[in-house]
There are 2 protein chains.
Amino acid sequence: MDAKTKAKYDARAKIIKALAHPSRLYIVDMLTEGEKCVCELTEKIGADMSTVSKHLSILKGAGLVSDEKRGTQVYYTLSIPCVLTFFGCIEAVLKDSALRQVEMSGACRR
Amino acid sequence: MDAKTKAKYDARAKIIKALAHPSRLYIVDMLTEGEKCVCELTEKIGADMSTVSKHLSILKGAGLVSDEKRGTQVYYTLSIPCVLTFFGCIEAVLKDSALRQVEMSGACRR
DNA sequence: CATATATTTGGCATTATAGCCAAGTATTAA
DNA sequence: TTAATACTTGGCTATAATGCCAAATATATG
């Protein structure tokens, strides 16, 4: 892999890595309803606020969310709506895997 | 996050994690052209074959690729074409980030 | 059978991630 | 100014991911 190709896939991987965590996926999903403050996200996730804050900074660093401070609270918003198209495909992969498992077990029974 | 919600996002995260690596993204991209043997992928990536083999087993474990042995070679294929829709969005995120950076530097100059 | 090629697996050292606590910053309110 | 709330950052430990080498497996070929 030459340097240019590597840079291309490194950049893409950075964004996907930012999404590669259950809490961060949950955050993205919640943000599809509209902006949310850290406190609300923290409550729903059920982790330490510092942990959630770090998750948010990873998403922000990847350019997936943006933040706005209003008073003492910080509100996060999805920057790029197309992230949603991900979930449809992910679900397709999961369904396909489930289907394969059923087929496998069926084949073994005969 | 209750157990059911956690399971849902864990499952999704597992698939996204499988994609969250430059070499694996490169593999997926190469497989869009059609099936490829491990030797060819290894050559293009330029890593140890054992490393590439492990990457492939991660993709396979996530249900993203399937393999078929023919003779002494193993050919890998993309299982689910919608993975491609990912890249479009990823590029959109990257472009958006680049745009923001330009805007920022412009704002500072004035 | 011996050898060569293609691939996978085990093992290990290195590095990266995750998550909690404690401490720091910022804003609001008393 | 003091106190309270919301959030971020630093630091630390635990766990997971990466990548190479060596060894094991499978298949083809002489």
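Below, read A as the first sequence line, B as the second, and so on, with proteins coming before strands; counting in each chain starts at 1.
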Without decimals, in angstroms, what is the distance between [X] [atom1] and [N] [atom2]?
| X | N | atom1 | atom2 | value |
| --- | --- | --- | --- | --- |
| A:Ile27 | C:dA18 | CD1 | P | 11 Å |
| A:Lys14 | D:dA17 | NZ | C1' | 19 Å |
| B:Ile16 | C:dT17 | CD1 | P | 16 Å |
| A:Glu35 | D:dC7 | CD | P | 12 Å |
| A:Asp10 | C:dT15 | CG | P | 17 Å |

Checklist line | Atom pair CD1/OH of A:Ile16 and A:Tyr9 - distance to nearest 0.5 Å | finding: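 If I round to the nearest 0.5 Å, the distance is 11.0 Å.
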
Margin query: Please report the interatomic distance NZ(A:Lys17) to CG(B:Leu25), rounded to the nearest 0.5 Å.
Written below: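 If I round to the nearest 0.5 Å, the distance is 9.5 Å.
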
Note to self: One thing to verify: whether A:Lys44 and A:Glu40 come together as a salt bridge, which I'm taking to mean a side-chain N less than 4.0 angstrom from a carboxylate O.
What the structure shows: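 Judged by the 4.0 Å cut-off on N to carboxylate O distance, A:Glu40 and A:Lys44 do form a salt bridge.
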
Notebook entry, point to check: Is the closest basic N to carboxylate O distance between A:Asp10 and A:Lys14 below 4.0 Å?
Noted result: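 Result for this pair is no, no salt bridge flagged.
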
Next item on the list: Name every residue in residues 38-75 of chain B that has at least one heavy atom under 4.0 Å from any atom of DNA chain C, in order of residue number, or write none if there are no such residues.
Entry: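 The stretch gives B:Val38, B:Cys39, B:Met49, B:Ser50, B:Ser53, B:Lys54, B:Thr72, B:Gln73, B:Val74 as the residues lying under 4.0 Å from the strand, ordered by number.
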
Checklist line | Residues forming a side-chain hydrogen bond (donor to acceptor under 3.5 Å, both in side chains) with A:Glu43, sequence neighbours excluded | finding: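 So A:Glu43 forms no side-chain hydrogen bond (donor to acceptor under 3.5 Å, both in side chains) with any residue.
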
Notebook entry, point to check: For A:Tyr76, which residues count as a ring pair (Phe, Tyr, Trp, His ring centres under 6.0 Å) partner, sequence neighbours excluded?
Noted result: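 Result, ring pair (Phe, Tyr, Trp, His ring centres under 6.0 Å) vs A:Tyr76: none returned.
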
Check: Can you find a side chain N or O atom of B:Tyr76 that sits less than 4.0 Å from OP1 or OP2 on C:dA6?
Finding: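 No, outside the criterion.
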
